[in-house]
There are 2 protein chains.
Amino acid sequence: MVDTDTRKEQIYEAASALFSAHGYEATSVRDIARELGLQGGSLYAHISSKEDVLFEIVVRAADAFYAAVAPLTERADPTLELMRQMIHAHVGVVVNNLSHAVVFQQDWRRLAGPRKLEVLALRDGYEALFRRVIAAGLARGELRECDPRLTSTLLLSALNGLPAWFQPDGRLDADTIADNFADLLLNGLGATSVRSEP
Amino acid sequence: MVDTDTRKEQIYEAASALFSAHGYEATSVRDIARELGLQGGSLYAHISSKEDVLFEIVVRAADAFYAAVAPLTERADPTLELMRQMIHAHVGVVVNNLSHAVVFQQDWRRLAGPRKLEVLALRDGYEALFRRVIAAGLARGELRECDPRLTSTLLLSALNGLPAWFQPDGRLDADTIADNFADLLLNGLGATSVRSEP
DNA sequence: CCTACCGATCGGTAGG
DNA sequence: CCTACCGATCGGTAGG
């Protein structure tokens, strides 16, 4: 884990709160400094650019998702149960690191060239976890026919919307949301009174 | 339809292209003007603020979604078939108005107070179309048990991710995407060899 | 970590 | 629609 008390860490925390609330471009370095009781220029004793701060927040969020979900994919559980666990883990990361997750989702495109590509690779690596589980499930006949690449994209498309609408003090907790996501994505909406193996 | 050749319309087109590519805050009025071969200040003969332009783009996108989907909800078709049509219509709007859809999804939060609330109401009105269809489907026993409010949110969460990853010149066309969305959200991922009514 | 400052750019306006 | 400009603010730096 990272030291949570250094000035650098305080900067990341303040920045992710402000970025998530107002967006990266609409947040100035002086806004971040004010939050910590500092002058704008003083930040540069700890960071070397505003974009560095964004990059660090985004990469940490990507790492958090990967760290929570990747270990699950090693399990031998039935595919549908495994995917339910992955959905729960993903939702858990969003709920427990909300401002980071919002920035990850909302502002990663504001990174410049090479770093944007780096984050793109992290995002694809994460999606690949789902893609491979789906492909394996297909091979075992535990999923209906589908294109793993497109399906994993659609699935993450659904999960990635969560940071935009989740309310920490709302009526919905992480497990309720994850259960309903899993029901929707794994079982669908149709009424199915009977469901049997081939 | 709107006149597509007035300067005002050209401004909206140029702005939505730039906003969608770089974000609202990172786009200057001079960027928009340059795209039209004008000086920055000249824009203000046609618009009264940068935010006005954003608001217009966002409201038009919201209207496009509503206009495409609302008429479908009047039909007497089976719920699952109806929802499949709604998903197709939604995806069609994204694909045919991509830059507007991106701005709608990416930048609507940058609107100030009252206008943000207005757009929030439009978004909720749109979600209500899905919510009501789901509730009606439940009442008719055509859907499995679920909370219509949460489920419509999850469903739109999935659809709203599309503008962020759709590539106009990619391998996927609107119908393929819509069919796969519908399969995922209505049937789920699980292998179901038998499916019968109660 | 502050003071003081850099050049650049921002959204928007006046006057024609 | 342009020229010329407004005050404000931007990310970042020098020197201490």
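Lettering follows sequence order; numbering is per chain, from 1.
The side chain of Y44(A) lies closest to dT13(D), out of dT13(D), dG11(C), dC1(C). In the set dT13(C), dC1(D), dC1(C), the nucleotide with an atom closest to the side chain of S42(A) is dC1(C). For Q39(A), counting side-chain heavy atoms from C-beta on, the closest listed nucleotide (dG11(D), dG12(C), dT3(C)) is dT3(C). The nucleotide whose nearest atom lies closest to any side-chain atom of R7(A) is, among dC1(C), dG12(D), dC10(C), dC1(C). Listed nucleotides dG11(C), dC1(C), dC10(D) differ in distance to S28(A); the shortest reach to its side chain belongs to dC10(D). Comparing atom distances between the R30(B) side chain and each of dC5(D), dC1(C), dC1(D) picks out dC5(D) as nearest. If you check dG12(D), dG12(C), dC1(C) against the side chain of H46(A), the one that comes closest is dC1(C).
Between S99(A) and S20(A), the side chains place no donor N or O within less than 3.5 Å of an acceptor N or O (distance only, hydrogens not considered).
In this structure, F19(B) and Y24(B) have perpendicular ring planes: the angle between them is above 60°, well past the 30° mark. Between H90(B) and F65(B), the ring planes are parallel. Angles under 30° get that label, and only those over 60° would be called perpendicular.
If you take CD of E25(A) and C1' of dT9(C), they are 13 Å apart, rounded to a whole angstrom. Note: CZ (R34(B)) to P (dG11(C)) measures 11 Å, nearest angstrom. In this structure, L18(B) places its CG atom 12 Å from P of dG11(C), rounding to the nearest Å. In this structure, the CG atom of L43(B) is 13 Å from the C1' atom of dT13(C), given to the nearest Å. The distance between atom CZ of F55(B) and atom P of dG11(C), rounded to the nearest whole Å, is 20 Å. We find that CG of D31(B) is positioned 6 Å from P of dC10(C), with the value rounded to whole Å. Rounded to an integer number of Å, the gap from CG of L38(B) to P of dG11(C) is 16 Å. Atom P of nucleotide dT13(D) and atom CD1 of I47(A) are separated by 10 Å, given to the nearest angstrom.
D63(B) has no carboxylate O lying under 4.0 Å from a charged side-chain N of R60(B), or vice versa, which leaves the two without a salt bridge. In this structure, E127(B) does not pair ionically with R123(B), as no charged nitrogen and carboxylate oxygen lie closer than 4.0 Å.
Note on G41(A): a base of the nucleic acid sits closer than 4.0 angstrom, heavy atoms only.
Comparing A45(A) and Y24(B), the nucleotide of DNA chain C nearest to each residue sits closer to the 5' end for A45(A).
When Watson-Crick and G-U wobble pairs are counted only if both distances are under 3.5 Å, dG16(C) pairs with dC1(D).
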